[in-house]
Amino acid sequence: MEAKTSVEEPLDLVRLSLDERITVKMRGDRELKGTLHAYDQHLNMVLGDVEEAVTTVEVEEETLEEHITTKKRSIPMLFVRGDGVILISPPMRGGV
């Protein structure tokens, strides 16, 4: 049986990104960049060499000025629960 390399269903795009670096946007202003090792139909994923960025916005009560901070950390291996996933961005491919 020949491996499919075309995108016919939404999860095909995720399948084609296996063992490549992807970006995952999560609920709570959290963004993950890592190598996709595994996934399932619920978009539960196992990512390796993950860079996590969490953005927080604090509003100063007196001036109503917004202070945006981003905290970053590296995680060697991470299980991502699919119900928190908002967006998955596959790696950039040439000629697309």
Side-chain angles (χ1 to χ4, degrees):
M1 180 183 252
E2 185 177 317
K4 288 176 34 176
T5 57
S6 65
V7 176
E8 296 174 11
E9 297 179 12
L11 285 179
D12 289 346
L13 190 60
V14 179
R15 179 183 47 79
L16 291 173
S17 300
L18 276 170
D19 297 322
E20 297 194 43
R21 286 195 64 81
I22 62 170
T23 300
V24 181
K25 293 205 181 222
M26 306 287 297
R27 293 181 185 171
D29 293 322
R30 185 173 168 206
E31 184 174 303
L32 307 170
K33 293 182 183 183
T35 303
L36 178 64
H37 291 294
Y39 72 96
D40 66 13
Q41 70 272 16
H42 304 290
L43 288 181
N44 295 320
M45 293 176 272
V46 176
L47 299 176
D49 299 319
V50 181
E51 297 169 12
E52 176 189 45
V54 179
T55 303
T56 56
V57 179
E58 296 177 10
V59 178
E60 205 172 296
E61 288 184 28
E62 294 177 11
T63 62
L64 297 179
E65 186 176 331
E66 291 184 348
H67 296 282
I68 300 171
T69 57
T70 302
K71 293 182 181 177
K72 295 184 179 186
R73 68 178 177 158
S74 295
I75 306 167
M77 188 69 66
L78 182 68
F79 175 84
V80 178
R81 186 170 163 159
D83 67 349
V85 173
I86 295 173
L87 174 142
I88 299 174
S89 178
M92 295 296 288
R93 289 178 169 65
V96 177

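The hydrophobic clustering, which links ILVMFWY residues whose side-chain heavy atoms are closer than 4.5 Å, places Val50 and Val85 together. Connection of Leu43 to Leu18 is established within a shared hydrophobic cluster, with ILVMFWY side chains joined at heavy-atom distances below 4.5 Å, either directly or through further cluster members.
The closest side-chain heavy-atom distance from Ile88 to Thr23 is not below 4.5 Å. Inter-residue side-chain proximity for Thr69 and Thr55 is flagged as unmet; no heavy-atom pair is nearer than 4.5 Å. Contact annotation: the side chain of Leu32 approaches that of Met26 to within less than 4.5 Å [non-hydrogen atoms, C-beta and beyond]. No side-chain heavy atom of Tyr39 sits less than 4.5 Å from a side-chain heavy atom of Val46. With contacts defined as side-chain heavy-atom distances shorter than 4.5 Å, the pair Leu47/His37 does not qualify. Using a 4.5 Å cut-off on side-chain heavy atoms (C-beta onward), Pro91 and Arg21 make no contact. Here the side chains of Val24 and Met45 are in contact, with some heavy-atom distance below 4.5 Å.
Formation of a donor-acceptor pair under 3.5 Å by the Asp12 side chain with backbone atoms of Glu8 is found in this model. Formation of a donor-acceptor pair under 3.5 Å by the Arg27 side chain with backbone atoms of Asp83 is found in this model.
Here the shortest heavy-atom pairing between Thr70 and Ala53 reads CG2-CB, 4.0 Å. Nearest heavy-atom pair, Thr35 versus Asp19, reported as atom, atom and distance to 0.1 Å: CG2-C, 3.8 Å. Contact between Ser17 and Ile22 at its shortest, heavy atoms only, is CB-CG2, 3.7 Å. Nearest heavy-atom pair across Met77 and Gly48 is SD-CA, 4.1 Å.
Residue Glu58 places its CD atom among 12 or fewer non-hydrogen atoms of other residues, nucleotides or ligands, all under 6.0 Å distant.
Through direct or relayed side-chain contacts under 4.5 Å between Ile, Leu, Val, Met, Phe, Trp and Tyr, Ile86 connects to Leu87.
For the atom pair CZ (Arg15) and CD (Glu9), the distance works out to 9.5 Å, reported to the nearest 0.5 Å. For the atom pair CG of Leu11 and CG of Leu16, the computed distance is 11.0 Å after rounding to the nearest 0.5 Å. In this structure, the separation between CD on Glu52 and NZ on Lys33 is 13.0 Å, given to the nearest 0.5 Å. Between atom CD1 of residue Ile75 and atom CZ of residue Arg73 there is a gap of 4.0 Å, rounded to the nearest 0.5 Å.
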Salt bridge (charged side-chain N to carboxylate O under 4.0 Å, His left out) evaluation trace for Lys72 with Glu31: CA-CA 10 Å; Lys72 295 184 179 186; Glu31 184 174 303; over 6 Å; no
So Thr56 and Ile68, side-chain contact (heavy atoms from CB on, under 4.5 Å) or not? Walk me through it. CA-CA 6 Å; Thr56 56; Ile68 300 171; over 6 Å; no
With side-chain contact (heavy atoms from CB on, under 4.5 Å) as the test, would you mind laying out the steps for Leu64 and Val59 before giving the verdict? CA-CA 6 Å; Leu64 297 179; Val59 178; 4.2 Å; yes
